[in-house]
Amino acid sequence: MNEHLIVRVVTKLLVPFVLLFALYVQMHGDFGPGGGFQAGVIFATGFIVYGLVFGIERLIKALPLPVLLFGVSGGLLLYAGVGVASLLAGGTFLDYSALDSHDPVHGQHLGILLIELGVGITVASVMTAIFITFAERWHR
Amino acid sequence: MNLLAHLPALQIVVPLVAAPICAVLFNPRIAQPFAVLVSLVTFAISVGLLNEVLAEGEIVYHMGGWEPPWGIAYVIDPLNALLLCLVSGMAAIVMPAVRLGIGAETTERSRRLFLSLALLALTGMLGIVITGDAFNLYVFLEISSLSSYALIATGNDRRAAPAAFNYLIQGTVGATFILIGIGLLYMMTGTLNMADLAVRIVDLRHTAPIQAALAFILVGAAVKAALFPAHAWMPNAYTYAPSMVSAFFGATATKVGAYIMIRFIFTVFGAEWVFGDMMIGWILVPLGIAAAFAGSLVAIWQTDLKRMLAYSSVAQVGYISAAIGLGNRDGLIAAIVHVFNHGLMKGALFMVMACVILRLGRADITSFRGLGRRMPVTMGCFVVAGLSMIGVPLTVGFVSKWYLVLGAIEAGVWPVAVLVIMSSLLSVIYIGRVIEVAYFAPAPDDARIQEAPALLLVPTLLLTVLCITFGIATDTTVGVAAYAVQFLLGGLP
Amino acid sequence: MSEALAFLMAHANTWAATALLCIGLWVVMVRGNLIKKVIGLNIFQTGVFLFYISMGYIIGGTAPIVEEGADAVYSNPLPHVLILTAIVVSVATTSLALALIVRIRESYGTTEEDDVIASDEA
Amino acid sequence: MIMAPLPASWLPLVAIALPMACVPLILLARRFPDVREGITMAGASLLIVVVALLAFALSLGPVAPLAVTGPIADLPLTMRVEPLGMLFALVAGFLWLITSIYAVGYMRAHHEKNQTRFYVFFAIAIGATMGIAFAGDLLTLFIFYEILTISTFPLVTHAQNDEARRAGRLYLGILMGTSIGLFLLAIVITYAVAGTLDFRPGGILQDKVQPALAGLLLALYVFGIAKAAVMPMHRWLPAAMVAPTPVSALLHAVAVVKAGAFSVLKITTFIFGFDLLAGLTATGLLQAVAAFTVIAASLVALTKDNLKARLAYSTISQLSYIVLAALIADPAAFLGGGFHIATHAFGKITLFFCAGAILVAAHKTRISELDGMGRVMPFTFAAFLIGSFSLIGLPPMGGLWSKWLMIQGAFNTQHWILIGVFAVSTLLNIAYLLPIPFRAFFRPLPDGASSGVREAPLPCLAAMAVTIMGCLALFFLPDPVIAFLSRALSLSGAFP
């Protein structure tokens, strides 16, 4: 797509905002519509558009597969880690209230935020990884 | 903090957390022992849960502290405690041998994520078994299915990919059927908790959606259990998958399908309605018998022995289905015991295939010529597990067959008893055929074949020994099954 | 006539879901092209999604977000949450299926089921 | 007993475990043939001591049954010593020692391969036979019955050539097919209707089953126990003759086939009971089948030129005597059947020993080749003649008494046709057995055939001598045996 100058410029301008919006959706999840799933997909959209326009090599350079794999695993681990932390804090598995011994509501906020963050990271990494895997094969 | 109180959660969490960790541990020398450790811990948790259930009765655990109907509950009764032990026990036995076993049978690329996928599949199956929430069951079903499609595709035979694809299509359709059924149940009752469902369904049984839900769920579970005629995915999948995968899934995956069937029929819908008004027994029993004959007959003609074992599984699932369909106490005991016992023997037989493939590179019947002398221990295991498949006394196969025939006679369906026994005679032919080749045909001169390495041989031997142990001391299997039946049938005879 | 029409309309979503289920299943079973099979599977699953979403919706209900003082009728959010999970599963299934098709195409040079079978038997 | 290390009720378990315990020792000693055979001998001698002790205990009074938890929760495996089983165990245990002595001579002279495997499975088979003899219920009996089938399979197919493979197929196919297909089914049905599987005096099925079902069950048992070789389930026995001769001698003239006949006898007496049995139409039909087997097998035996094949068909015929005796449902016939287990065992094992000796010494398997051989191997053929006398039922051999008792039973119950069957079959016995020694003694030796042929190895001859003594002893001293068996009858409630 080297010849499509407009697309390249617009994409370059747009991608940061896409990612910013994704971040908003991610962090706003416990107050309004939003959350990890949606945010993760929007994150991935940003990456994928970048890869489509500027070429798969540059996307891989920015996000090497090991990093993505680490993202997939790390997100899941964060999710499960919160669950285990609540276990260790004396609640049942994923009982966020137990995360903060003084204020259960605060604990719930913290818990849901971390959980959704884990989900977001995993979803974004998985979607991008799927895209890269397919695109890279086709490219060869 | 008392970790023991959280065993139900840990049962799922331990393998679930271990899967991504395995993925980021790039060095297989670390990842492999780690996976072994995890599977052993998981098995220990299952045993702990079984003990607790036997001592104190049903365990209910609320995830996240949410009470049903809002939250997900894990409910452990003797039935799923036994299955947890089977699934995690098989994993613990197979896992140490995985690295050696898949070396000859997978593509280089796919080996890296193999352990993660295996642990995910384990998580999924444990989840299906442990959960008391209908939708959660679907989610775990898909977790285990997706990872098993991927695992089957790791085989280095090019036919592995189409086999996995077929399994994916059929498995997804089956799982979606279950999803529809669960949706209908939720629509009518407003709950997903199985215990609540059971209470609320009682007054709604006459409605079409509930009846449709029963049909959808049974068909979906039948696909997962590979019950004839919905078995088409299984032969190819188990033939072209790495033998380790076949051993683990052959022993557990179809059993989990049968578990879904038992759980929904007996816990959610209620046996007296399912077998009384809906006459499901008239579907399950004939299908089961047909499966027993079709599977065994086709198995006799196979030259690829992994495919032969897969068809034999079709037949064995038929016994389980027929046993469920009898709808009486002995039949249900037979079903539960056979789920466990067949897991042991089929696991052992597929492990034998893994040993043979490692040494010879293939497992067709001609490659077995003279193996009785060259790999005596491996073939010894095959003989014992094969005898168990036939149902010779003092092996596990006899115990399940006994209860199945007894159940059929007590249900007053004599032809079923006769047919079950006749079909089991067919297994004499397909097992005997292999034994004949192994011990009577001269070995080809050129190949210098040695006994399989200890790492593979020990799990194989262990499973074989268990085939006999549980064939003699049946307190654990039949005892637990009888206790489970008390839970499932309530006060019924 | 109008009664029948009313009956049809009252269950419009269910009919649509049923139609999608049937079309999807038909495509899965009849089409020989592996990609078309996957598309059929997606249509089939979409039918289930529609079924779940309709189930939770209450006519005149609003999004289930608590607003102080408003005495609103809320749609049931649970089926929607459930089906979100199912959609994610469906995405995963589709991508896995496509990955398998890529591998089949690489080793067999075709995405037609008949050709794959013929190639193995040859 | 003064020492009394174990209560007598444990002795059956010891009798089963003893041969099994020899297995690992034999395996350990596989590189030292003398030690290996020594272990077998020692095991066999010890077994005789154990069985004799048990018999002594039984003669003093009833031995308490012993129950062990088994595979089926409500059905413990029980060991119950009663005189009939005791007699069977005595015969099998005693002949194991004799056969072992014989086997040492035979296997070495014949240069058989895989001798360790041979002794291992032989020991397992004997252990299983003890299990059958002492089984206190049908499930236990069935379990040991199956172990016996499986453990004898490697013995039958010992040669591992194509012929052995064919024989193995037939052997396993028929024995396992019938035992799982018919015998097991019958057992489960019995359990379902009677609620127990114990061998009880007077039977357990009385008043619990319709006559039609009882008839069906009886047929399932008689045909399902293919080891009793009632036609048409007899084909495995001639096929099994490809095995080394000691196997044919002990297992396919004594242990395996008698296990079948013994099971039938036990089931008719302790599961059905004479009263129930006598009233069934099926009993008559099965008597006809057994009678047919007696005659037909004898006729087939006449046509066989292969010596072991002829003996095999003779065995089929003789086994059906016992089945017939069991179906007559009369105390005298029962005594005759039980006694026949012993007399036929001693007679037939002698004949097989002779056949093996001829094979080893002269490498001959066909009867038509035996002309004049009596001059080269006088002792062997003399033994053959005496064994034949016992089978035919001529004095001074034990076979006379068993046949006598069976005919008396038929007479008591007015089965005139069966008496005719016994008479005709005796004539047939003479026709197919006696020409063999006569040919050997009275026909001239073909030219040059005698070169290099000598009498059989010494262990073989010694074994034959002992079994001949047995035949004689059973003629002169039948009373203890019959008195012993009568106790089984009074236990069974058949005697008023």
Side-chain angles (χ1 to χ4, degrees), chain B residues 69-70 72 107 109-110 117 120 124 133-136 138-143 145-173 175-188 190-192 209 212 216 236 240, chain C residues 14 17-18 21 24-25 27-29 31 34-35 37-38 40-42 44-56 76 78-79 81-83 85-86 88-113 115-117 119-121:
Chain B
W70 299 283
I72 292 167
T107 55
R109 280 167 61 91
S110 59
L117 286 172
L120 267 186
D133 180 278
F135 192 83
N136 198 225
Y138 165 77
V139 173
F140 278 122
L141 179 64
E142 285 291 21
I143 290 178
S145 301
L146 282 169
S147 37
S148 64
Y149 308 144
L151 280 174
I152 286 165
T154 57
N156 57 3
D157 191 308
R158 72 169 183 169
R159 287 170 288 189
F165 183 81
N166 270 331
Y167 183 18
L168 182 141
I169 295 286
Q170 295 178 29
T172 306
V173 171
T176 310
F177 269 36
I178 292 181
L179 182 61
I180 298 172
I182 292 169
L184 288 166
L185 287 181
Y186 181 73
M187 190 172 81
M188 296 307 288
T191 180
L192 288 168
F216 274 118
N236 276 338
Y240 301 122
Chain C
T14 317
T18 314
L21 286 175
L25 206 53
V27 173
V28 169
M29 288 194 292
R31 291 293 150 188
L34 300 181
I35 293 179
K37 269 182 192 292
V38 175
L41 201 64
N42 274 319
F44 179 64
Q45 290 177 317
T46 309
V48 184
F49 303 159
L50 180 58
F51 167 64
Y52 265 77
I53 292 168
S54 324
M55 182 164 71
N76 185 354
L78 189 65
V81 176
L82 297 182
I83 214 59
T85 315
V88 172
V89 167
S90 151
V91 169
T93 313
T94 308
S95 61
L96 181 57
L98 291 174
L100 286 173
I101 292 176
V102 169
R103 256 189 66 185
I104 293 172
R105 158 93 196 192
E106 278 171 2
S107 52
Y108 287 85
T110 176
T111 55
E112 291 292 330
E113 194 178 27
D115 295 346
V116 170
I117 295 170
S119 159
D120 272 334
E121 280 172 357

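First the proteins, then the strands, lettered A, B, ... as listed; each starts at 1.
How far NZ of C/Lys37 is from CG of C/Asn42: 14.0 Å, rounded to the nearest 0.5 Å. To the nearest 0.5 Å, atoms CD1 (B/Ile182) and CZ (B/Phe177) are separated by 13.5 Å. One finds the CG atom of C/Leu78 at 6.0 Å from the CG atom of B/Leu192 (value rounded to the nearest 0.5 Å).
Proximity of a side-chain donor or acceptor of C/Arg103 to a complementary backbone N or O of C/Leu98 within less than 3.5 Å is not detected.
Most heavy-atom pairs under 4.5 Å with chain B: of the set C/Leu21, C/Leu25, C/Leu82, this distinction falls to C/Leu82. Contacts with chain C were tallied for B/Ala150, B/Ala175, B/Ala161, B/Gly171; B/Ala161 has the most, counting heavy-atom pairs under 4.5 Å. Counting heavy-atom pairs closer than 4.5 Å to chain B, the top-ranked of the candidates C/Val28, C/Val48, C/Thr93, C/Val116 is C/Thr93.
With a 4.5 Å cut-off on non-hydrogen atoms, C/Ser107 touches chain B through its backbone and its side chain both. For B/Val173, the parts sitting under 4.5 Å from any heavy atom of chain C are the backbone and the side chain alike. For B/Ile143, no part lies under 4.5 angstrom from a heavy atom of chain C. For C/Ser119, the parts lying under 4.5 angstrom from a heavy atom of chain B are both the backbone and the side chain.
Note: B/Tyr138 and B/Phe135 meet the aromatic proximity criterion, with ring centroids under 6.0 Å apart.
A salt bridge does not link C/Glu113 to C/Arg31: none of the charged side-chain nitrogens sits closer than 4.0 Å to a carboxylate oxygen.
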